[in-house]
Amino acid sequence: MKSAAARSVVLGTAGHIDHGKTALVHALTGTDTDRLPEEKSRGITIDLGFASLDLQDPAGHSIQLSLIDVPGHHAFIRNMLAGAGGIDCVMLVIAADEGIKPQTTEHLAICTLLGIRHGIVVITKQDAVAPERLEAAHQEVRRFVEHTFLEDAPVIAVSARTGAGIPTLKRALSQLALSVPARNADAILRLPLDRAFSVRGFGTVVTGTLQAGSLHVGDAVHLQPEDRSVRVRGIQVHGSQVSETHAPSRVALNLVGVEVAEVHRGHTIVPPETLSPVDTVDVELTVLPGMPALRHRTTLRLHAFTSETTARVLLYPPGENSAAPLARLRLSKPLLLTPGDRFVLRQPSPAITVGGGRVLDAHPLPRLRKAAANAWLEQLREAAPEQQILLRVRRRGLHGISITTLSRETGLHPDAIRPIIAPLIASKQLIGASMGHATVDHFLWPEALTEAVELLFKELERTEARSLSRAELRSRTKLEDWVFALAAVRLVQVKPVQTVGNQFTLRGAGGKEPTEALAKVEALYRTAGLASPIVSEVAATLQLPHEEVPPLITILIRAGKLVRMGADNLLIHAEALVRLRTELQKQRGQTFDVGRFKALTGLTRKHAIPLLEYLDGAQITRNQNGIRTVR
Ligand SMILES: Nc1nc2c(ncn2[C@@H]2O[C@H](COP(=O)(O)OP(=O)(O)OP(=O)(O)O)[C@@H](O)[C@H]2O)c(=O)[nH]1
């Protein structure tokens, strides 16, 4: 964020055609913002114009005012909207001779819909009217701004032609700039582009009003909605080369990695892998006074920042706040939107502004029932930032949410989310997990953890063996790795479950009353004696599901019924081993090699070798160069 000594504020003009906006910007800054030949020949503004004004606050600190001059002609409202979408405050221009006209009203309404709360009213062309008319214009203006955000704004009469009133206006603009609150420093870098052109020797240059964050020369950024990587080769702010710039500011960027034909107004620059375009948003609507209520399934034009698209309005059932109905907007083209973003809705024909609104959620969950989504939005719309985070974690249920997704959903930088979420974790309103990283970066609603534990427990109860390996339990419950890890820890704390290695077993399972499958497996090994089956053969022989056998074997090993031969997959029933041991003890001191052992026992080499190694390990035989002696 910039220091108070170099405050930067973006001011937009607004007002009816020919009321003197461009002339006023020229009188204030010396810049003629009408640059297009058609603008010159027709004497009207068609597209946005840009200028800057260096002011000082009473303490002598400099204020840089970026001015965006917008067209007043009703045919160019979409250009006006592209400019007004990113301003901090407005200068509503009204000609003394004409007074309030249709676009005076429409522009003020648009500024209100865009959430602009600071501004100034300028009565222009004071030189062209008699003092009585000027006085009447003043009164007309005062009545006009009653009950609007400009109600208490200064109203200053000027003449761009004679320069009268301009010094007073400059002082009022300094005051206005000081009253504008600083931009949200927690928001993710975002630069909606309003122009793209090519400059000989440099290549692609884009311009826009930096809404949030900072840009530095050399930054790797993404161009949305194409999600294209580009690099910032150079930055200019009001004609001066700079190495970095901070929101809010008017910036021109020289980009590497994109041709001029591939980038245009409506594209947005964001940091890589952060914000992404969306085509469905849940919003709070505002309908302008005098306009009929919006109908379900109406199609309108939506304007947000420098973007526009067609939006289909799907109304939620009317709630308590009938002045601001909730709706889902389906956009015909993905746009970059985050909660809190304002937008304007226009009817295509006749082209009029009907309303606008505020984005509540740009990532609605798919397949969520309408009533549930509606209830959630009703809570969200009034919620403070920390409550919003709680609501967002809670609605993810068993899936929980990562800090990256939370950042994308809220539009807030992860570093801004962490201090909000840390007290929520400390007070146990949320559960945090660190997936092997130093920082906690995944979050879960406490009741979701309880639910996950129940899921694991039920899964164990459902299996015949009452025992499952970690991998099997995880794949059956289909929980995210990190949620499973949290639930597995909690499972053994709160449920009658024990773990041995990677095996989860219900306590008491495999005890006095062996289950049917357990008995079958044991019987198979008992009958086989030393020539026992390998594990994969057990499932086939007994026609058991493949994955159920290892847990049963684990239970039998733990119960002392089966003995594992070394690291091999060979298991032998304990009774067969006892018989062999008794047999060998009768032959103490005798020697034999592998071949003789095979002949005596009838075993193949595959069985004989691990069994002999087991006997050596158990100190029943001693091995000297392949010749065993019975101890
Ligand atoms: N007498 C007088 N004429 C003015 C004054 N300001 C502007 N004009 C004239 O009014 C006409 C329109 O002025 P602009 O500044 O182009 O009006 P605008 O509001 O920018 O028009 P659009 O951008 O097309 O909406 C021009 O002929 C100006 O010379 C003023 O203070 N006094």
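For ligands, and for the atoms within them, numbers begin at 1 and follow the listed sequence.
Numbered from 1 in the order shown, with element, the atoms of ligand 1 that lie under 4.0 Å from a heavy atom of Ile17 read 24 (O), 25 (O). Heavy-atom proximity to Asp127, at under 4.0 Å, picks out these atoms of ligand 1: 1 (N), 2 (C), 30 (C), 31 (O), 32 (N). Residue Ala160 has at least one heavy-atom neighbour below 4.0 Å for each of these atoms of ligand 1: 6 (N), 30 (C), 31 (O). Close contacts of ligand 1 with Ile44, meaning ligand atoms under 4.0 Å from a residue heavy atom, involve 24 (O). Close approach to Thr22 involves these atoms of ligand 1, each under 4.0 Å from a residue heavy atom: 15 (O), 18 (P), 20 (O), 23 (O). Of all atoms in ligand 1, numbered sequentially from 1 with element shown, those under 4.0 Å from a heavy atom of Ser159 are 31 (O).
With respect to atom 8 (N) of ligand 1, the closest heavy atom belonging to the protein is Lys125 CE, 3.6 Å. Protein heavy atom nearest atom 17 (O) of ligand 1, with residue, atom name and distance: Gly20 N, 3.1 Å. The shortest contact between atom 24 (O) of ligand 1 and any protein heavy atom is with Thr45 N, 2.8 Å. Ranking protein heavy atoms by distance to atom 15 (O) of ligand 1, first place goes to Ala23 N, 2.7 Å. Scanning the protein for heavy atoms near atom 28 (C) of ligand 1, the closest one is Arg161 NH2, 4.3 Å.
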Practice task
Evaluate the criterion side chain to side chain donor-acceptor pair (under 3.5 Å) for residue pair Arg330 and Thr280; output intermediate values, then yes/no.
Solution key: CA-CA 5 Å; Arg330 293 219 185 270; Thr280 305; 3.2 Å; yes
Problem - His19 and Glu98: CA distance, side-chain angles, deciding distance, side chain to side chain donor-acceptor pair (under 3.5 Å) verdict - result: CA-CA 8 Å; His19 275 207; Glu98 290 198 342; 2.8 Å; yes
Practice task
Kindly determine whether Arg381 and Leu326 satisfy side-chain contact (heavy atoms from CB on, under 4.5 Å), including the steps that lead there.
Solution key: CA-CA 9 Å; Arg381 71 158 126 189; Leu326 296 176; 3.5 Å; yes
Practice task
Mind running side chain to side chain donor-acceptor pair (under 3.5 Å) on Ser229 and His222 for me, showing each step along the way?
Solution key: CA-CA 5 Å; Ser229 303; His222 271 210; 3.1 Å; yes
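Residues Leu380 and Arg392 are in side-chain contact: their nearest non-hydrogen atoms beyond the backbone lie under 4.5 Å apart.
Distance alone, capped at 3.5 Å, is enough to place a donor-acceptor pair between the Arg7 side chain and the Ala177 backbone. Not a single donor-acceptor pair under 3.5 Å links the side chain of Ser198 to the backbone N or O of Val260.
Residue-environment remark: CD (Glu140) exceeds the threshold of 12 foreign heavy atoms within 6.0 Å.
With Phe343 as reference, Val283 is the one residue of Leu81, Val281, Val283 to meet the side chain to side chain contact (heavy atoms under 4.5 Å, CB included) rule. For the side chain to side chain contact (heavy atoms under 4.5 Å, CB included) with Leu113, the qualifying choice from Val354, Leu345, Thr286, Val287 is Thr286, the only one to do so.
Residue-to-ligand polar distances place Gly72 within reach of ligand 1: an N/O pair is separated by less than 3.5 Å. Considering backbone and side-chain atoms alike, Lys21 places an N or O below 3.5 Å from some N or O of ligand 1.
For atom 26 (C) of ligand 1, no protein heavy-atom neighbour is present inside the 4.0 Å cut-off. Within the 4.0 Å cut-off (strictly below), a protein heavy atom is located near atom 6 (N) of ligand 1.
Distance check: Arg408 CZ to Leu275 CG gives 8.0 Å after rounding to the nearest 0.5 Å.
Residue contacts with ligand 1, taken as heavy atom pairs separated by less than 4.0 Å, do not involve Thr162 at all. The backbone and the side chain of Asp18 each have at least one atom closer than 4.0 Å to an atom of ligand 1 (non-hydrogen atoms only).
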